[in-house]
Amino acid sequence: NRNWAAFFGTGIVATLDDFGMQGQLPSHPDLLDHLALYLVDKGWSIKALHRHIVTSDAYRRSSVLTEALAAKPESARLLARFPRQRLEAEIIRDSALDVAGVLNGKMFGAPVKPPQPDGVTESAYGKPKWQASAGSDRFRRSIYTYQKRTAPFAMFTTFDAGSGEACIARRDRSNTPLQALTLMNDPMFVEIAEEFGQSIAALEGDATTKAATAFRRALTRPPTERELEKLVTFHAKHDSWPALARALLSLDEAVTKN
């Protein structure tokens with residue numbers, strides 16, 4: 001049920017943290033049973049379960065809200081369209097690193113400290129300093145980010161991640177101006193945009209070709225003619241691929257599962 005919720009935003013049993021008498025009944029009990037039996041049949045392989053879910057017709061549907069679907073309030077719950085939702089904090093960071101081509105896939109080891117605004121941790125007890133990790137360690141996956149309960153990593157908090165004080169089954173998703181400011185101005189995202197922009201600048205081809213490649217890498221789809229025209233105009237005005245990369249990584253579509 002929680003794996004299903006990770007992909008669709010809502011579980012088959014909506015109360016992820018309560019399967020008991022106080023929880024809600026499953027919307028599709030046969031589907032829940034099917035997934036449970038499939039997981040057992042595949043030797044408890046979570047990877048196999050994920051593949052089964054993402055190759056389903058339900059997961060591959062468009063998130064576009066048509067007039068016909070808008071007239072049916074139950075269409076979202078019945079997955080007549082894909083439920084558009086913002087990515088979780090750690091995935092936003094990791095996807096940006098991957099788009100920029102700098103994601104460090106190293107496994108295991110000590111926690112690391114990615115860049116973040118000055119003074120964030122100094123509000124905690126003892127006023128500890130945050131010294132960002134050097135080299136490729138600052139680009140390691142978010143699961144390895146050092147966490148201090150009294151001063152959580154700023155970007156994670158902004159995008160509704162837990163503080164680490166307790167295990168939570170479900171996260172709330174908010175949409176605030178601070179999230180947009182973080183994507184544009186957080187030192188970590190500025191650095192990622194610099195790396196992304198430099199990789200685009202190093203490509204062969206003219207500005208149109210490079211802009212189309214950057215768009216495809218950031219949003220996983222080719223740009224329309226109108227979008228491509230705006231990208232080329234933006235680059236000509238600012239004459240900077242990191243600036244274009246920064247704009248792309250800040251788009252709502254870049255942090256949203258469509």
For this session: Carefully, step by step, assess L203 and T209 under the rule side-chain contact (heavy atoms from CB on, under 4.5 Å).
Result: CA-CA 9 Å; L203 296 175; T209 301; over 6 Å; no
For this session: Take K230 and E227 through the salt bridge (Lys or Arg N to Asp or Glu O under 4.0 Å) test and state the conclusion after the steps.
Result: CA-CA 5 Å; K230 287 188 174 183; E227 289 170 335; over 6 Å; no
Problem set entry | Check against side-chain hydrogen bond (donor to acceptor under 3.5 Å, both in side chains), S174 and Q179 | CA-CA 9 Å; S174 64; Q179 293 169 355; 3.1 Å; yes
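Closest non-hydrogen pair, Q24 versus V13, comes out as O-CG1, 3.3 Å. In plain terms, the two heavy atoms of I200 and K210 that are nearest each other are O-CD, 3.5 Å. The two residues K113 and K129 come nearest to each other via the heavy atoms NZ-O, 4.2 Å.
Between F7 and Y59, the ring-plane angle classifies as perpendicular under the 30° and 60° cut-offs.
With sequence neighbours excluded, no residue forms a side chain to side chain donor-acceptor pair (under 3.5 Å) with H238.
Linking Ile, Leu, Val, Met, Phe, Trp and Tyr whenever their side-chain heavy atoms come within less than 4.5 Å leaves V112 and I192 in two separate clusters. Hydrophobic clustering places F19 together with L35 (ILVMFWY residues linked when any side-chain heavy atoms are closer than 4.5 Å, directly or through intermediates). Residues M155 and L178 fall into different hydrophobic clusters, defined by Ile, Leu, Val, Met, Phe, Trp and Tyr side chains chained together at heavy-atom separations under 4.5 Å.
Atom CD1 of I46 has more than 12 heavy atoms from other residues, nucleotides or ligands within 6.0 Å. Counted within 6.0 Å of CZ on R221, heavy atoms from surrounding residues, nucleotides or ligands total more than 12; the atom is thus considered enclosed. The number of heavy-atom neighbours closer than 6.0 Å to CG of D206, taken from other residues, nucleotides and ligands shown, is above 12.
Taking the side chain as every heavy atom from C-beta outward, R173 and E88 approach each other to under 4.5 Å. Considering only heavy atoms from C-beta on, R171 stays 4.5 Å or farther from F159 through its side chain. In this structure, I143 and E90 have side chains that are not in contact, with every pair of non-hydrogen atoms separated by 4.5 Å or more. Residues M184 and R246 meet the side-chain proximity criterion, which asks for heavy atoms closer than 4.5 Å. With contacts defined as side-chain heavy-atom distances shorter than 4.5 Å, the pair S142/F156 qualifies. Counting heavy atoms from C-beta outward, L183 and L249 have side chains that stay 4.5 Å or more apart.
Under the side-chain hydrogen bond (donor to acceptor under 3.5 Å, both in side chains) test applied with R86, the options D160, N175, D252 reduce to a single match, D160.
Between F108 and Y144, the ring center distance fails the sub-6.0 Å criterion.
With salt bridges taken as basic N to acidic carboxylate O contacts below 4.0 Å, none links E195 and R138.
For residues 180-229, there are no ring pair (Phe, Tyr, Trp, His ring centres under 6.0 Å) pairs, not counting sequence neighbours.
To the nearest 0.5 Å, atom CG of residue D33 and atom NE2 of residue H28 are 13.0 Å apart.
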